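Since the structure is predicted, the reported quantities are computational estimates derived from the model, not experimental observations. Quick note on labels: first sequence line is chain A, next is B, and so on, each numbered from 1.
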Amino acid sequence: MSSINVTLPDGSRKEWPAGARPIDIARAISPRLADDAVVARVNGEFYDLTRPLETDADLQILTSKNPEALEVYRHSTAHLLAAAVLELFPETKLGVGPAVENGFYYDFERATAFAPEDLEKIEAKMWELQARDLPYERRLTPKAEGLKKYAGMGETMKCELIEEKASEIFTEYLLGPKFVDFCRGPHVPSTARIKAFKLLSIAGAYWKGDEKNQQMQRIYGTAFFTKKELDAHLTKLEEAKKRDHRKLGQELDLFSIQELAGPGLIFFHPKGGTVRKILEDWMRDQYIARGYSLVYTPHIARSDLWKTSGHYNFYAENMFKRMELDDAEYQLKPMNCPFHILIYADRMRSYRDLPVRLGELGTVYRYERSGVMHGLLRVRGFTQDDAHIFCTPDQIGDEIVNCLQFAIDTLKTYGFDAYQAEVSTWDGGVSGKYDGTPEQWEMAEKALSEATAKLGLEAKVMPDEAAFYGPKIDVKLVDAIGRLWQLSTVQFDFTLPRRFGLEYIAEDGKAHQPLMVHRALYGSVERFFGILLEHYAGAFPVWLAPIQVEVLPITDRQLEYAQSVVAKLKEAGLRVHLDDRKEKVNLKIRDAQMQKVPYMLVVGEREAQNGTVSVRNRRHGDQGVKAFDEFLADIQKLAADRTPFE
RNA sequence: GCUGGCGUAGCUCAGUUGGUAGAGCGGCAGUUUUGUAAACUGCGGGUCGGGGGUUCAAUUCCCUCCGCCAGCUCCA
């Protein structure tokens, strides 16, 4: 065949000589296109721009305007990184180097650790290689020959990968004199295509992600098509740092973690406590409105309970150590479920009693390994808004729908408009690692997917990601700067009802096992608090703000009037603070701004005389003078409506 | 838990050929009575994360423990 049919990016079909390269075709169409080209897609698959076409092709040229091309671009930058490392530190051995969500990394093995200063050197070397416009050269290599070659270079990890993944003839990519990598590609044609990147950090990572394997040094970087996009991303990282809940928690005096008390244990200060109470009250009120019963259960229980539930054996490494009391052994609770189950099982249940929905803000303690704690987001003691629903098979559909609706309403209330759902299912029973019968799994998974459909919730199915005791649906939210957080979860449990021998008497007069569902919507109150704090960058909406109004008298001659304003606001149920320090109003404003108080009322001579207040909003600045009653009505409405962003 | 980095005043941070520590802000006292993001002056404040070692002498060098940070692994 001397010619091939190519469907061009504009949809037209044209004949080209066999062996034409996508980049040549791009050039023929427009030099501009060729300059912008990052990668080709041929018959739906990524394809090197410089790799000759051999068959009829549906050709697309992906340029830097196409977000899909970014992955190829970043992967190419990872190769550039590895090539630079080998230039500077030739003894380094290679692991893997993929593109990831916001950049790329490459794993290396080397006797000495990379120092932070090394990143600068490596980056400089990368630019040097970039300037030389080295080609990403693709080569086909027979497996046996390749293995011998990589073994000769001492690249044992590459050999391992080749053994596992390579076909009889595999592709590898060369870049510069030293770097060759077993890699499917594709890559950009040459290094000059890479215009904007930055190395970010060095961290440890286990070979193949398994902690039993040796640990390697991972260098993270990010890359974008333009300097402008790169700078925007770096700015976003800075922005994220500024709204780090740990920093805000300290600056706004909301919570702390005390070294003397231990890691992962949270102290809510008065202001944080105020916010937390509102979160908790809202949730309890919702429980009651939605037909849940509130219960309270202990924090410890005999080990016998944990043996019955199975946690004693299967969850032991996550539990705090056992304590001996008298002649019995007790353990702190890592979960609330067994306690709620005991309440359910405390009396005979009829089908007429179901569904039973038991809810609690239950504080649990889990022994987390030392390196995993993170502010409020990963702690050792936390409070779950935990509820367990016991119901009949007939009821399960509605129960799941109601849980999901509850979750959605919760997120909306707190100003999260973007969220996504994931349904985790089993493997069909092939591995035997899942508990429960195929009928149970089928019924439960059906209930979950029907509920998402009914609510118009787009749910990604995650096969073989379920817990061993049942399928689940997780709702993840997207915060104000686009990050994803996992919060709400609704999980079936086929195991515990059986272990505890739960039953209800059905219409047939016989005992049946009820269905059991775990669900938590905040997930953990602490974590939710942390996420909210970052979402609002510390500027809690009026209904949540620990101080809603700061009253700022200009001189102490207005103190009396200011106090009367404060008293009236308090009477109206608002959280108000009087700044009666003998300081200039500028300073008082600055302090209130930095504490992110939503409203500041400046009261001076004029206001005192006219019974008015001068309103300042933390976001929009001076709002001018208003009659006190007018201000009061405005702020009460904001609080009552739970307006997430004023 | 693992790899690497870090730990100095309430906070943010200076402080190298090893000679017992400083700044700004905050705090306290006084002066200033002030109109939309920092008035002025003065004064306190630190077992330099804990313990051990080397040394005439350790914030500085070594060991160990604790904690924090970035990841990994695990997870609400």
Pairs: protein N or O with nucleotides 9-13 of chain B N or O, under 3.5 Å:
residue: B:rC11; atom: O3'; partner: A:Gln250; partner atom: OE1; Å: 3.4

Exercise for review: State whether a side-chain donor-acceptor pair under 3.5 Å links A:Asp591 with A:Gln595.
Suggested key: no

Review point. If you measure only the distance, is there a donor-acceptor pair under 3.5 Å linking the side chains of A:Glu422 and A:Ser424?
Key: no

Is it the case that the ring center of [Y] lies less than 6.0 angstrom away from the ring center of [X]?
X: A:Tyr105; Y: A:Tyr220; answer: yes
X: A:Phe89; Y: A:Phe108; answer: no
X: A:Phe339; Y: A:Trp306; answer: yes
X: A:His518; Y: A:Tyr469; answer: yes
X: A:Tyr536; Y: A:Phe645; answer: yes
X: A:Tyr414; Y: A:His535; answer: no

Hey, does [X] reach any base, or is it just sugar-phosphate, or nothing, if we go heavy atoms under 4.0 Å?
X: A:Val379; result: base
X: A:His374; result: sugar-phosphate
X: A:Arg557; result: sugar-phosphate
X: A:Arg246; result: sugar-phosphate
X: A:Gly621; result: nothing

Review point. Between B:rG50 and B:rC66, how far is it from one C1' atom to the other, in whole Å?
Key: 7 Å

**Study point:** Aromatic ring pairing A:Phe492/A:Phe494, orientation class (parallel under 30°, perpendicular over 60°, tilted between)
**Key:** tilted

Check your understanding: Hey, what's the ring geometry for A:Phe255 with A:Phe268, parallel, tilted or perpendicular (30° and 60° as the breaks)?
Key -> tilted

Review point. Given B:rG67, B:rU34, B:rU33, which nucleotide is nearest the side-chain atoms of A:Pro263?
Key: B:rG67

Exercise for review: With the side chain of A:Ser524 defined as its heavy atoms from C-beta on, choose the nearest nucleotide among B:rG71, B:rA76, B:rG67.
Suggested key: B:rA76

Exercise for review: Using the ring of A:Phe382 (Phe, Tyr or Trp, six-membered ring only), decide whether A:Arg380 places NZ or CZ under 6.0 Å from its centre and within 45 degrees of its axis.
Suggested key: no

**Study point:** nucleotides 37-51 of chain B: protein proximity per nucleotide (B base, S sugar-phosphate only, - neither; heavy atom, under 4.0 Å)
**Key:** BBB------------

Check your understanding: Is the ring of A:Phe382 stacked on the base of B:rA76, with centres less than 5.5 Å apart and planes under 30° off?
Key -> yes

Revision key, fill the gap. Its dot-bracket string being built from Watson-Crick and G-U pairs below 3.5 Å, with | for another strand and [ ] for crossing, RNA chain B has the pattern (((((((..((((.....[..)))).(((((.......))))).....(((((..]....))))))))))))....

